[in-house]
Amino acid sequence: MTFYLTTPIYYVNDRPHIGRLYTTTVADVIARTHRLAGEDTFFLTGTDEHAAKVVDTAAERGLSVQSWADQNAEAFRSTFERFGISNDDFIRTSEPRHKSFVDGMISDLVATGDVYLGDYEGWYDSGQEEYVPEARASEYDFKSPINGKPLVRRKEENYFFRLSAFSDELLAWIDTNPDFIQPVARRNEVLGRIREGLADVPISRSGGGDWGIPFPGRADHMIYVWIDALINYTSAVEPEERRKYWPANLHLIAKDILWFHAVIWPSMLMAIQKVPGREWMKLPQKVYAHSFWIRDGQKMSKSLGNFVDLEKLDEVVDKFGLDALRWYLLTQGPLGTDDGDFSDSRFLAVYNADLANTLGNSFHRVSNMTSRYLEGRFDQPASDPGLRARVEEIRADDRRAPLGLEALSRGLDLVRAIDGFIEETQPFKLVKQEGTEGRVAEILYSCAETYRLASLLLWPTLPQKMEEVWRRMGLGEYATRLAGKGMGELENWLQWGGLEAGTTLEKGPPLFARIQDE
Ligand code: MSP
């Protein structure tokens with residue numbers, strides 16, 4: 001089984017910030033979840049380089065566009081690496097492999113008649129690099145709904161994509177594939193807008209300089225940056241050995257760019273599929289649009305100076321560790337339709353409650369007692385039927401979290417079950433009584449075994465700490481298998497009894513040290 005997921009490709013006019021890191025981190029957790037389950041996973045991220053604002057910011061800094069793009073693309077690549085992102089490829093739209101694929105695809109769309117030459121007169125949102133239909137422009141009061149800057153009037157000769165021709169086919173597709181656009185509220189918004197009618201979209205620009213991909217056969221026109229960008233998802237898997245990954249299982253994005261992914265992109269694919277040799281270019285299975293991070297209840301913006309930028313993120317990682325940041329992003333983030341709030345006090349509260357006091361403390365208690373009462377070793381894998389039944393119950397729970405991320409809360413529930421079990425059985429009291437050695441060993445083995453199961457479910461979100469747990473449990477083989485993007489054997493590993501007789505449990509320092517409010 002293959003699983004292909006993508007993030008947006010990010011504009012290189014700026015460095016990564018929490019928004020971009022968030023989408024990429026959520027994608028990383030999803031990718032790890034699928035690899036752990038043994039699926040042949042392909043995880044793509046990268047940079048979108050041909051936007052006009054990239055040209056503008058380069059000019060402001062007195063740099064050539066290419067060197068500004070190189071510098072920022074490198075900042076994205078190295079930041080993602082530093083933040084533990086396990087992408088399988090990093091695509092830049094300025095790369096030859098992408099440019100030639102785009103060129104071929106647009107030529108084919110000209111040949112089918114789905115791209116034609118016409119005149120455009122209308123509004124443009126230059127911050128978003130987006131054409132705005134007349135009706136919407138007045139509704140927005142001629143200002144960008146995203147950044148508030150005035151829309152600009154554009155009148156030019158353009159090539160157009162015949163989007164209007166696909167409205168019925170697209171509605172039918174969305175209808176028969178109810179999961180195609182998620183969450184449901186976003187799906188309904190998109191459906192509403194499609195039903196208002198689809199106008200053809202400009203896909204080229206003239207007079208915009210020479211930074212971009214030239215329109216085939218018309219070097220005075222550049223392909224519109226959004227059309228160029230969307231195609232990245234297919235140019236990355238064009239090589240024969242990667243074709244098996246297409247169609248993508250998931251395009252993970254935020255709500256700001258849903259229209260492009262849920263309407264324009266699938267329509268382009270419907271058009272291109274008709275071309276002999278391009279039948280493989282089917283529609284992706286799912287487009288998931290999350291919401292936005294805000295800061296202390298306020299929108300983040302340059303002018304307010306309250307962006308959670310890279311410096312801030314590095315500070316958080318220095319203080320709490322990378323896994324703690326990942327945990328906060330995943331559990332407090334704007335995955336659904338509500339925005340997520342980034343606040344220092346909330347971060348600390350979540351860190352102490354979930355990580356220090358629950359995940360860390362539970363491991364510490366179990367390994368501490370094992371060390372004191374059993375000399376750190378499990379001689380016999382005898383289990384307590386009660387805890388085991390509780391574990392089965394948690395595993396069988398059919399709750400579904402968006403994007404298949406339910407493992408995270410299940411893992412936390414397993415650890416809570418350990419704590420409850422310890423409270424109930426009180427091994428620290430039992431040990432003082434005669435003839436309880438067997439029972440104490442059984443209790444502690446069952447706790448450690450449950451922690452092992454939890455660690456597997458938590459690994460995609462907390463890879464560093466859970467690999468540390470595996471090391472202390474003598475289960476380095478899991479990490480070895482998963483290293484270098486290897487595939488796991490989750491179903492086998494999740495069988496009760498994986499901790500074998502003779503296993504030693506190393507105590508070590510706290511996994512998540514408690515941190516006091518300053
Ligand atoms: N280059 C286009 C995407 C092309 S995809 C074919 C683009 N780039 S972007 O750099 O502006 O990134 C937008 C994406 O960054 C959002 O869709 C989202 O994934 C992420 N975020 C940017 N700011 C965000 C928040 N404040 N909160 C959450 N995610 C946000 O658009």
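Note that this is a predicted model, so its numbers are computed, not measured. Just follow the structure's listing: the first ligand is 1, and inside any ligand the first atom is 1. Each residue takes its place number in the sequence, starting with 1.
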Would you call [X] a ligand 1 contact, heavy-atom distance under 4.0 Å?
X	value
H261	yes
H290	yes
Y233	yes
A289	no
W265	no

Those atoms of ligand 1 less than 4.0 Å from some heavy atom in [X]:
X	result
S291	28 (C)
W293	25 (C), 26 (N), 27 (N), 28 (C)
H17	22 (C), 23 (N)

Checklist entry - Is the H17 ring parallel, tilted or perpendicular to the F307 ring (thresholds 30°, 60°)? => result tilted
Item to check | Residue pairs fulfilling salt bridge (Lys or Arg N to Asp or Glu O under 4.0 Å) with at least one residue in residues 277-289, sequence neighbours excluded | outcome: D108-R278
Indicate every side-chain donor-acceptor pair of residues 292-300 with a distance under 3.5 Å to a residue at least two apart or in another chain.
from: R295; atom 1: NH1; to: N306; atom 2: O; distance (Å): 3.2
from: K299; atom 1: NZ; to: I146; atom 2: O; distance (Å): 2.9

Next on the checklist: Centre-to-centre under 6.0 Å for Y233 and Y4, is that the case here?
Outcome noted: no
Checklist entry - So does E196 pair up with R193, basic N to acidic O under 4.0 Å? => result no
